[in-house]
Amino acid sequence: SQTIHQWPATLVQPVGSPLSLECTVEGTSNPNLYWYRQAAGRGLQLLFYSVGIGQISSEVPQNLSASRPQDRQFILSSKKLLLSDSGFYLCAWSQTGTGNSPLHFGNGTRLTVT
Amino acid sequence: GDSVTQMEGPVTLSEEAFLTINCTYTATGYPSLFWYVQYPGEGLQLLLKATKADDKGSNKGFEATYRKETTSFHLEKGSVQVSDSAVYFCALAPGGSYIPTFGRGTSLIVHP
């Protein structure tokens with residue numbers, strides 16, 4: 001069966017420090033991968049998505065970046081965090097090839113920028 | 001563009017009450033529709049889905065019917081439990097697209 005791992009679960013970082021959040025998927029190949037942010041108020045904001053290695057699409061311009069160095073690995077990064085980067089970050093995957101496939105989410109990373 | 005509108009929360013109910021969370025959508029073509037649930041401190045989990053008009057998705061006592069004529073996908077449960085307290089998200093996936101559109105979520109609070 002497929003599983004998704006996301007870490008760390010919580011993170012407290014000072015303003016201006018770098019960020020690296022990692023997500024890996026097991027049990028499937030060539031998944032679509034996604035990074036979402038959920039700020040207070042519960043709404044989901046799509047940050048990045050990827051349909052293959054090295055293929056990253058950005059939905060919102062900001063000081064975050066994403067990379068997909070391997071088929072089932074998706075990394076969210078920042079060189080210098082802002083206070084406004086605080087939030088709950090969710091990684092997700094879906095089956096490639098069809099819009100009928102639901103998203104499968106990790107357990108999220110709670111990021112607090114101080 | 002595509003959009004999903006959910007009723008504002010929080011929805012507060014007593015245990016064993018009937019639940020309805022309204023969801024309407026705007027989309028071109030024939031999207032698939034989903035309900036996700038998010039328990040406190042966790043990621044979202046797929047609750048149920050429907051892929052074409054008049055399909056009924058069901059899981060864990062929850063049901064939703066894909067109504068193309070009213071562009072709706074309302075979530076219902078006949079008797080809620082305290083453990084159903086969570087945030088519920090309605091979403092659509094346009095045919096041929098892998099980018100879903102989510103509603104803003106509806107918080108459900110169930111009291112004993």
Side-chain angles (χ1 to χ4, degrees), chain A residues 1-10 21 23 25 28 30-52 55-60 74 87-112, chain B residues 1-11 21 25 27-52 55 57 59 64 66 73 85-109:
Chain A
S1 64
Q2 302 92 353
T3 56
I4 179 168
H5 302 281
Q6 190 180 342
W7 68 95
T10 59
L21 303 180
C23 172
V25 179
T28 187
N30 196 31
N32 300 319
L33 295 172
Y34 309 80
W35 278 111
Y36 284 87
R37 178 167 60 199
Q38 189 175 30
R42 307 185 309 274
L44 289 169
Q45 179 185 33
L46 178 62
L47 301 175
F48 301 95
Y49 65 93
S50 171
V51 299
Q55 300 179 59
I56 310 293
S57 297
S58 173
E59 289 293 296
V60 182
F74 206 24
F88 192 48
Y89 288 82
L90 290 161
C91 181
W93 73 272
S94 70
Q95 207 71 45
T96 190
T98 172
N100 290 339
S101 176
L103 265 60
H104 305 273
F105 287 83
N107 282 330
T109 296
R110 174 76 59 192
L111 172 65
T112 303
Chain B
D2 298 339
S3 66
V4 174
T5 302
Q6 292 182 233
M7 60 190 294
E8 291 285 332
V11 174
I21 299 178
Y25 68 90
T28 55
Y30 303 97
S32 293
L33 301 174
F34 307 88
W35 276 102
Y36 292 84
V37 58
Q38 184 179 30
Y39 298 103
E42 299 183 5
L44 281 70
Q45 304 172 26
L46 177 68
L47 182 59
L48 53 84
K49 72 174 189 178
T51 58
K52 61 183 187 296
D55 268 2
N59 185 26
Y66 188 162
F73 193 53
S85 299
V87 180
Y88 292 82
F89 290 88
C90 185
L92 68 84
S97 168
Y98 38 78
I99 305 299
T101 298
F102 284 87
R104 291 181 56 81
T106 301
S107 175
L108 170 65
I109 301 169

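Predicted model only: the values in this text are computed from it and were never measured. Letters A, B, ... mirror the listed sequences (proteins, then strands); counts begin at 1.
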Q. Should the heavy atoms of other residues, nucleotides or ligands under 6.0 Å from OH of B/Tyr39 be counted, would the total exceed 12?
A. yes
Q: Can you measure from CD1 (B/Ile99) to CG (A/Leu103) and round to the nearest 0.5 angstrom?
A: 8.5 Å
Q | Considering all heavy atoms, the nearest A/Phe88-B/Glu42 contact | A | CE2-O, 3.5 Å
Q.
So, applying ring pair (Phe, Tyr, Trp, His ring centres under 6.0 Å) with A/Tyr36, which one of B/Tyr36, B/Phe89, B/Phe102 is it?
A. B/Phe102
Q: Determine the minimum heavy-atom distance between A/Tyr34 and B/Pro100, stating which atoms define it.
A: CE2-CD, 4.3 Å
Q: Could I get the full list of salt bridge (charged side-chain N to carboxylate O under 4.0 Å, His left out) partners for B/Asp55, not counting sequence neighbours?
A: B/Lys52
